[in-house]
Student: 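Encoded as structure tokens, here's the structure I'll be asking about.
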Amino acid sequence: QVQLVESGGGVVQAGGSLRLSCAASGRTFSRYNMAWFRQTPVKERDFVAGFDYNGGTTHYVDSVKGRFTISRDNAKNTLYLQMNSLKPEDTAVYYCAASGRSYRSTSGSEYDYWGQGTQVTVSS
């Protein structure tokens, strides 16, 4: 079992920045592929960014490339999402997720553990 707790959400004006954190407890954090997803009331939960445990590579959805940065600190069992140049369309509930699979995935169905989510609201 892995428990995930997100924090850092809030209300920010367009162009501003936020940093989300995801604290993990339980099994070995460093052995999991980690990702951030987001969901709005009118959309499904969509992949935002991922960090592979094997090789440490990162990948992003096109709409956040150059603005968001995913990182992880295995010593602190924490995943981060630095979000810059925020836009109103980034408004969503952001979820941290962990996958025990050996390959990267952008599909939520292949992630085994989820946090409770943190709300990010970007005002125009």
Side-chain angles (χ1 to χ4, degrees):
Q1 286 285 345
V2 175
Q3 293 78 42
L4 303 173
V5 179
E6 302 97 334
S7 61
V11 179
V12 64
Q13 288 190 333
S17 299
L18 282 174
R19 188 175 82 155
L20 305 183
S21 298
C22 172
S25 60
R27 291 193 173 182
T28 308
F29 173 74
S30 61
R31 298 285 184 90
Y32 286 82
N33 288 333
M34 301 296 297
W36 290 97
F37 288 76
R38 64 187 179 188
Q39 186 172 20
T40 69
V42 296
K43 290 188 69 177
E44 295 181 352
R45 194 172 296 187
D46 292 329
F47 173 85
V48 175
F51 198 120
D52 303 337
Y53 81 91
N54 187 12
T57 56
T58 59
H59 49 122
Y60 301 89
V61 66
D62 286 346
S63 60
V64 308
K65 285 180 180 177
R67 299 189 299 123
F68 291 11
T69 302
I70 187 172
S71 61
R72 65 193 292 171
D73 185 335
N74 288 337
K76 295 182 178 180
N77 283 1
T78 303
L79 180 74
Y80 302 99
L81 185 67
Q82 178 66 43
M83 304 186 295
N84 299 328
S85 302
L86 282 161
K87 304 175 181 180
E89 51 264 43
D90 295 317
T91 295
V93 178
Y94 284 71
Y95 295 90
C96 169
S99 170
R101 290 161 177 78
S102 60
Y103 53 88
R104 65 167 52 174
S105 174
T106 61
S107 172
S109 63
E110 296 191 316
Y111 283 79
D112 307 296
Y113 305 102
W114 294 84
Q116 82 290 349
T118 185
Q119 176 70 48
V120 171
T121 302
V122 184
S123 61
S124 57

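Please read all numbers here as calculations on a predicted model, not as lab measurements. Note that the numbering runs from 1 along the sequence shown for the chain.
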Student: Restricting to side chain to side chain contact (heavy atoms under 4.5 Å, CB included), what partner residues turn up for Ser85, sequence neighbours left out?
Tutor: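 By the side chain to side chain contact (heavy atoms under 4.5 Å, CB included) rule, Ser85 matches Arg67.
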Student: What closest approach, in Å, do Cys96 and Glu6 show between heavy atoms, and which atom pair accounts for it?
Tutor: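 Looking at all heavy atoms of both residues, the closest pair is N-OE2, 2.8 Å.
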Student: Could you identify which residues cluster with Leu18, counting Ile, Leu, Val, Met, Phe, Trp and Tyr as linked when any side-chain heavy atoms lie under 4.5 Å apart, either directly or through a chain of such contacts?
Tutor: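 Reading the cluster by chain and number, Leu18 sits alongside Val2, Leu4, Val12, Leu20, Phe29, Tyr32, Met34, Trp36, Val48, Phe51, Tyr60, Val61, Val64, Phe68, Ile70, Leu79, Leu81, Met83, Leu86, Tyr94, Tyr113, Val120, Val122.
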Student: Side chain to side chain contact (heavy atoms under 4.5 Å, CB included) with Ser71: which residues, sequence neighbours excluded?
Tutor: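 By the side chain to side chain contact (heavy atoms under 4.5 Å, CB included) rule, Ser71 matches Tyr80.
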Student: Hydrophobic cluster mates of Val5, side-chain heavy atoms under 4.5 angstrom, ILVMFWY only, any path?
Tutor: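 Its cluster partners, ordered by chain and number, are none at all.
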Student: State the OG1-CG distance between Thr28 and Asn74, to the nearest 0.5 angstrom.
Tutor: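 Result: 10.0 Å between the selected atoms.
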Student: So for atom CD, which belongs to Glu44, do other residues, nucleotides or ligands contribute more than 12 heavy atoms lying within a distance under 6.0 Å?
Tutor: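 For Glu44, atom CD is not crowded (no more than 12 foreign heavy atoms under 6.0 Å).
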Student: Under the salt bridge (Lys or Arg N to Asp or Glu O under 4.0 Å) definition, can you give me all pairs with a residue in residues 57-66, not counting sequence neighbours?
Tutor: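 The answer is Asp62-Lys65.
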Student: Could you give the distance from CZ (Arg38) to OG1 (Thr118), rounded to the nearest 0.5 Å?
Tutor: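 The CZ atom of Arg38 sits 14.0 Å away from the OG1 atom of Thr118.
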Student: With the side chain counted from C-beta on, respond yes when Tyr111 and Ser99 share a heavy-atom pair under 4.5 Å apart, and no when they do not.
Tutor: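 With C-beta onward as the side chain, the pair touches.
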Student: In chain order, what residues pass the salt bridge (charged side-chain N to carboxylate O under 4.0 Å, His left out) check against Arg104, with sequence neighbours excluded?
Tutor: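 With sequence neighbours excluded, Arg104 shows a salt bridge (charged side-chain N to carboxylate O under 4.0 Å, His left out) to Asp52, given in chain and number order.
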Student: Determine which pairs satisfy salt bridge (Lys or Arg N to Asp or Glu O under 4.0 Å) with at least one residue from residues 115-124, sequence neighbours left out, and list them in order.
Tutor: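 Sorted pair list comes back empty.
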Student: If you look only at pairs with a residue in residues 23-58, which of them pass as a disulfide (SG to SG under 2.5 Å), with sequence neighbours excluded?
Tutor: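 Every candidate disulfide (SG to SG under 2.5 Å) pair involving residues 23-58 fails, so no pair, neighbours aside, qualifies.
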Student: Would you please say whether a donor-acceptor pair under 3.5 Å links the side chains of Ser107 and Ser109?
Tutor: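 Side chains of Ser107 and Ser109: pair found under 3.5 Å.
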Student: Quick one: salt bridge (Lys or Arg N to Asp or Glu O under 4.0 Å) pairs with a partner in residues 111-124, sequence neighbours left out?
Tutor: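 Sorted result for residues 111-124: Arg101-Asp112.
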Student: Which residues satisfy the salt bridge (charged side-chain N to carboxylate O under 4.0 Å, His left out) test with Arg19, sequence neighbours excluded?
Tutor: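 By the salt bridge (charged side-chain N to carboxylate O under 4.0 Å, His left out) rule, Arg19 matches no residue at all.
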Student: Could you list the cluster mates of Val42? Members are the ILVMFWY residues connected by side-chain heavy atoms closer than 4.5 Å, either directly or through other members.
Tutor: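 Besides Val42, the hydrophobic cluster comprises nothing; the residue is isolated.
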Student: What is the distance from atom CD of Glu89 to atom OG of Ser63, rounded to the nearest 0.5 Å?
Tutor: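 So the CD of Glu89 and the OG of Ser63 are separated by 8.5 Å.
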Student: Hey, could you give me the OG1/CG distance between Thr40 and Asp46, rounded to the nearest 0.5 Å?
Tutor: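 Between Thr40 OG1 and Asp46 CG, I get 7.5 Å after rounding to 0.5 Å.
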Student: Any pair with a residue in residues 77-86 that passes salt bridge (Lys or Arg N to Asp or Glu O under 4.0 Å), sequence neighbours left out, goes on the list, sorted by first then second residue, please.
Tutor: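 Found none.
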Student: Would you compute the distance between atom CG of Asp73 and atom OG of Ser30 and round it to the nearest 0.5 angstrom?
Tutor: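 So the CG of Asp73 and the OG of Ser30 are separated by 11.5 Å.
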